[in-house]
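Structure record follows, encoded as structure tokens.
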Amino acid sequence: VWRRADVLKKTLHAMARATGIGDYTLVIHCDGGGNQNETRAVRHVCRDIDFAETLIKFNRGNLGCNENTRRVLRRGFELSDYVIHVEEDIVIAPDALLYMEWAKQFRNRPEIWMVSMWRHPSGWLHESGTPFPLGQAIETKVCHSGGLLIWGWGTWRDRWETMEKNWTTGDDKTLSWDTHLTAVRHKLGKFCICPLVSRAVNVGDGGIH
């Protein structure tokens, strides 16, 4: 998380309503730098979380999206073999965690690199070849995607180890971690699965995305 307390509140409000959230540990890395009032507001929001156990790291400086994301994922995998990553501007559905728990069964299918909560708003993912237009979306079905759908996603420790080995050190103006890992995923021949009915939406489009 970084700077946008109002956006973060929307994300946390939805997360508090998610079935099973009380069984989770919320690992939060709050990046530093920038406007002190914005940083202070975000820290207050994080400290007020009462719906799940929290482990909060406040960075003194500004690590940037690439490094802060890498560190919070690394911390998550110190605690669990299966980690769900939600950025500060991702609003999840009440059944999103149930869906993600169901998807844990794919651990033994190495071709599946990650599981996403999000689906393209046009109704289907063209690169996947899945013939499900929006009007035929079924809430109990999933499909394959050739992309790297990072707006609410999860993966297993062995996949994470490959991801971290291929993590980008570039800043956001040159190459973001997800753009870089999309190319890695393609090279390795892996894919993502996502629901035909999205379990997440991005509410952060504006200024910082």
Side-chain angles (χ1 to χ4, degrees), residues 1 4 6-29 45-46 48-56 69 72-73 75-77 79-109 111-128 130-157 159-160 178 190-205 209:
V1 303
R4 299 181 294 174
D6 290 343
V7 174
L8 178 59
K9 287 178 181 178
K10 296 178 182 178
T11 294
L12 293 174
H13 177 73
M15 196 173 290
R17 299 173 57 206
T19 301
I21 188 63
D23 297 328
Y24 282 76
T25 298
L26 213 58
V27 181
I28 302 173
H29 277 209
V45 172
C46 291
D48 286 342
I49 296 171
D50 61 1
F51 55 83
E53 179 184 356
T54 59
L55 296 174
I56 307 174
T69 301
V72 75
L73 284 166
R75 178 63 175 133
F77 282 104
L79 304 173
S80 177
D81 290 332
Y82 183 68
V83 170
I84 299 169
H85 181 250
V86 178
E87 297 182 356
E88 64 178 352
D89 56 4
I90 304 302
V91 170
I92 67 174
D95 67 346
L97 297 180
L98 296 178
Y99 158 71
M100 295 300 290
E101 292 289 346
W102 168 83
K104 287 172 69 175
Q105 66 183 292
F106 297 117
R107 176 174 186 162
N108 295 324
R109 291 184 57 184
E111 72 276 17
I112 298 177
W113 219 31
M114 59 184 288
V115 181
S116 178
M117 300 180 188
W118 182 79
R119 190 178 192 222
H120 196 282
S122 69
W124 66 296
L125 297 164
H126 298 269
E127 70 272 20
S128 73
T130 306
F132 288 104
L134 187 60
Q136 297 179 25
I138 304 169
E139 65 178 9
T140 57
K141 301 293 183 181
V142 299
C143 65
H144 295 176
S145 169
L148 196 77
L149 309 179
I150 64 163
W151 289 349
W153 62 282
T155 195
W156 302 264
R157 186 191 304 274
R159 277 74 151 182
W160 161 245
D178 57 303
K190 309 294 185 180
F191 60 83
C192 169
I193 63 171
C194 64
L196 296 191
V197 175
S198 187
R199 264 37 180 220
V201 294
N202 186 301
V203 297
D205 189 3
H209 199 317

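In what follows, every heavy atom counts, from backbone to side chain, and hydrogens, waters and symmetry copies are set aside.
A 4.5 Å side-chain heavy-atom check between Trp160 and Asp81 finds every atom pair outside the cut-off. Between Cys192 and Leu148, the closest side-chain pair of non-hydrogen atoms is not below 4.5 Å. Looking only at side-chain heavy atoms (C-beta outward), Asn202 and Trp118 stay at 4.5 Å or farther from each other. For the pair Ile112/Lys190, no side-chain contact is recorded, criterion being any heavy-atom separation below 4.5 Å from C-beta on. Between Ile28 and Ile49, the closest side-chain pair of non-hydrogen atoms falls below 4.5 Å. Counting heavy atoms from C-beta outward, Arg119 and Cys143 have side chains that approach closer than 4.5 Å. Using a 4.5 Å heavy-atom threshold, the side chains of Thr19 and Asp95 count as separate.
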Review point. Between Leu55 and Leu79, does a side chain to side chain contact (heavy atoms under 4.5 Å, CB included) hold up when you go through it step by step?
Key: CA-CA 11 Å; Leu55 296 174; Leu79 304 173; 3.6 Å; yes
Exercise for review: Take Ile193 and His144 through the test side chain to side chain contact (heavy atoms under 4.5 Å, CB included) and record every step on the way to the result.
Suggested key: CA-CA 5 Å; Ile193 63 171; His144 295 176; 3.9 Å; yes
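Listed for the Arg199 side chain is no donor-acceptor partner under 3.5 Å among the backbone atoms of Leu97. When atom types are taken as modelled, the side chain of Ser116 and the backbone of Cys194 share no donor-acceptor pair closer than 3.5 angstrom.
Between Trp156 and Tyr82, the angle of the ring planes lies from 30° to 60°, which puts this pair in the tilted group. In this structure, Trp102 and Tyr99 have parallel ring planes: the angle between them is below the 30° cut-off, well short of the 60° mark.
Atoms CZ and CG, from Phe51 and Leu26 in turn, are 5.5 Å apart once rounded to the nearest 0.5 Å. Atom NE2 in His29 sits 7.0 Å away from atom CZ in Arg75 (nearest 0.5 Å). In this structure, Glu88 CD and Thr11 OG1 are separated by 7.5 Å, a value rounded to the nearest 0.5 Å.
Nearest heavy-atom pair across Ala52 and Ile21 is CB-O, 3.7 Å. Scanning both residues, Arg159 and Arg109, for their nearest heavy atoms gives NH2-O, 2.9 Å. In this structure, Phe191 and Ser145 approach most closely via the heavy-atom pair CB-O, 3.4 Å. For Thr155 against Met114, the heavy-atom pair with the smallest separation is OG1-CA, 4.2 Å. Closest approach of Ala14 to Val91, counting heavy atoms only: CB-CG1, 3.5 Å.
Of the candidates Ile84, Val201, Leu149, Ile84 is the only one forming a side-chain contact (heavy atoms from CB on, under 4.5 Å) with Met117. With His85 as the partner, the side-chain contact (heavy atoms from CB on, under 4.5 Å) test is satisfied by one option alone out of Ile90, Ile150, Val72: Val72.
With a 6.0 Å radius and a threshold of 12 heavy atoms from other residues, nucleotides or ligands, Arg157 has its CZ atom above the threshold.
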